[in-house]
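One structure is given here, and the rest of the page talks about it.
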Amino acid sequence: MVTDRMWARGTQAQHDALAPHVPVYAYEFADRDAPMFLPLPGGFAFGAFHAGDVPYLFEDEAAEPRFTRRSAGCRPR
């Protein structure tokens, strides 16, 4: 919730301001089952964390074995 207040609302306002002048493309990454591939201490449910979308967009050997079946189905082929 804090990151939505700090980032999502401001980003949307920026998109709204730019859209009348140039094409604007955006997406919201919201997979709460995204595989944690960063070397952080375990035990915490990170949810849809910052940079969690990276292994969905680019192949990442560290993240590959951590995908759930549902999450793996979201990856582009």
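Treat the numbers as computed from the prediction; the structure is a model and nothing was measured. Side chains included, hydrogens not; waters and symmetry mates left out as well; all remaining heavy atoms used.
- For the pair Ala34 and Gly47, the tightest heavy-atom approach, listed with the atom from each and the gap, is CB-O, 4.2 Å.
- When hydrophobic clusters are built by joining Ile, Leu, Val, Met, Phe, Trp and Tyr residues whose side-chain heavy atoms come closer than 4.5 Å, directly or via intermediates, Tyr27 is grouped together with Val54.
- Heavy-atom minimum distance, Phe29 versus Ala48: O-CB, 3.8 Å.
- Within the 6.0 Å centre-distance limit, the rings of Phe44 and Phe46 are counted as a close aromatic pair.
- By the 6.0 Å contact criterion, NE2 on His50 is open, its count of non-hydrogen atoms from other residues, nucleotides or ligands being 12 or less.
- We find the CG-CD distance between Asp16 and Gln14 to be 10.0 Å, quoted to the nearest 0.5 Å.
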